[in-house]
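In what follows, a structure is listed as C-alpha cells, so that the remarks can point back to it.
All heavy atoms count here, side chains included; hydrogens, waters and symmetry mates do not. Quick note on labels: first sequence line is chain A, next is B, and so on, each numbered from 1.
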Protein chains: 2
Amino acid sequence: MFKEKAVEALRNSGLKITKPRLWIVEYLDGNKNHPTAIDIFQEVRREDKDFSFATVYNTLDILVKEGIIKQIKTEEKSCRYDPNTGLHGHFYCKNCGKLFDVDLKQTNFLDETISFGKVEDYEIKFYGICNSCIN
Amino acid sequence: MFKEKAVEALRNSGLKITKPRLWIVEYLDGNKNHPTAIDIFQEVRREDKDFSFATVYNTLDILVKEGIIKQIKTEEKSCRYDPNTGLHGHFYCKNCGKLFDVDLKQTNFLDETISFGKVEDYEIKFYGICNSCIN
DNA sequence: ATTACTGCAAATACTTTGCAATTGT
DNA sequence: ACAATTGCAAAGTATTTGCAGTAAT
C-alpha cells in the first residue's frame, strides 16, 4: 500500500524508481520507529543492498517533497522520518529519546492560522519523560 | 520584566550574571523576530559588546534549560529562540522564512498525551505560505 | 578566594555538493 | 539514447568541546 503509493507518486512526478529508492521506501513501509537518515543508511545496507549516504539524503528529501513521508525534528541533531503522514503528533522522551505517535482527535485548531496565510502542513510535538523512564 | 525574571532565575540556580548573559537577555527581551544563535551573536556584537560564539550557545542552552526562553526548530538548519514562553504556536512561511506567532485558544489537546508520560513542554508549528508571499 | 564562565580555535556531527560513471525509462 | 540518479570524497554549516585565562560571587 505505502510502497505502491510511493512508487506511483514518484512516477507521476517523472522521478525514476531506482533500487536505492525502492529499498528505502520498503524499509520505511510500516516502520513506527521514526528512524534517522543514519539509521536508514545503516539498516538498509545490512541486507546486501549497497548505496551511499548522499543517496539516502537525496531520496529522503524527495520523499518529503512528494509528501510520501514526513520529517520530524526533535531535540537531537539528526532529524527523523515518518512514513505515517496522517494526522498525528509526537511525544519525545527526553530521557530515552524514543518518539511515540500521539493521536489527535480534535483538528479544528488548524483553522486558527488562516489569518497568516495558507497552511500546508503542521507539526505537533510534546516533550517530556515517558512512562517507562519514570518508573 | 523579562530581564528581571531571567536574572532571578539564573541567580536562583546559582548561575552567574555575566555581561554576555545580560546582553543576550536584554537583546531577547520583547524580541518577536525569533532570532537564531547567529543572529544574536551578530546583532548584539554590533554595539561594542564583545563575546564569543561559544558563549552564545552556552547562554542560550542555559536560558532554555532554565525555562526563560524556548528553542524553535524550523525547516532551516539553525534553530531559533523565543523569549515568549507562554502558550502559543508558530507559523513558518516556507517562502520568506518568517516565523509568526499563533495564538492557541484551546489547549485541551495537551491532555491527550498523558498516557505516554509526563509532558513538560510542547511545540505546535504550522508550515505554509504567508499572506504577503501569496500576493 | 573560589569557582563558574569566557574566548579561542579546533573538533564534531549532520547534511550537501560537484562531477564522472551508471541506471531507469 | 537520454536524462536523471548514484557514488564518492570533499566541502559546508551549525554546534560543541577542551583548556587556559578571566570575571562574578
Presence of [X] side-chain N/O under 4.0 Å of [N] phosphate oxygens OP1/OP2:
X       : N      : result
A/Ser78 : C/dT15 : no
A/Asn58 : D/dT6  : yes
A/Thr18 : D/dT6  : yes
B/Arg21 : D/dA24 : no
A/Thr55 : D/dG7  : yes

Candidates B/Lys73, B/Lys125, B/Arg80 - the one meeting side-chain contact (heavy atoms from CB on, under 4.5 Å) with B/His90: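 The passing option is B/Lys125.
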
Protein-nucleotide distance ([X], atom [atom1]; [N], atom [atom2]), rounded to Å:
X       : N      : atom1 : atom2 : result
A/Phe41 : C/dT16 : CZ    : C1'   : 15 Å
B/Glu75 : D/dT13 : CD    : C1'   : 17 Å
A/Leu15 : C/dT25 : CG    : C1'   : 12 Å
A/Lys73 : D/dT15 : NZ    : P     : 10 Å
A/Lys77 : C/dC14 : NZ    : P     : 7 Å
B/Phe53 : C/dC5  : CZ    : C1'   : 18 Å
A/Arg11 : D/dA3  : CZ    : P     : 20 Å
A/Glu76 : C/dT15 : CD    : C1'   : 16 Å

Are there over 12 heavy-atom neighbours, none belonging to B/Lys49, within less than 6.0 Å of that residue's NZ?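 Enclosed.
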
Might you confirm whether atom NZ of A/Lys98 has over 12 heavy atoms from other residues, nucleotides or ligands at distances under 6.0 Å?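 No, NZ of A/Lys98 has 12 or fewer neighbouring heavy atoms, counting only those of other groups under 6.0 Å.
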
Could you tell me whether B/Lys70 sits above the aromatic face of B/Tyr122, with NZ or CZ closer than 6.0 angstrom to the six-membered ring centre and within 45 degrees of the axis?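 Geometry flag: set, cation within 6.0 Å and 45°.
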
Closest nucleotide of DNA chain D for A/Ala54 versus for B/Gln71: which of these residues is on the 5' side?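 This one resolves to A/Ala54.
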
Of B/Tyr57 and B/Ile17, whose nearest nucleotide on DNA chain D comes first from the 5' end?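 Here B/Tyr57 is the residue nearer the 5' end.
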
Could you check B/Lys19 against A/Ile38 and say which one's nearest nucleotide on DNA chain C is further toward the 5' end?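 Looking at the nearest nucleotide for each, B/Lys19 comes out on the 5' side.
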
Can you find a donor-acceptor N/O pair under 3.5 angstrom joining the side chain of A/Lys16 to the base of D/dA3?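 Checked by distance alone, the answer is yes.
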
Under 4.0 angstrom, heavy atoms only, what part of the nucleic acid is A/Phe51 near: base, sugar-phosphate, or nothing?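 The answer is sugar-phosphate, as A/Phe51 gets under 4.0 Å only of primed atoms, P, OP1 or OP2.
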
Does the side chain of B/Phe2 reach to within under 4.5 Å of the side chain of B/Ile68, using non-hydrogen atoms?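 The answer is yes; the side chains approach within 4.5 Å.
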
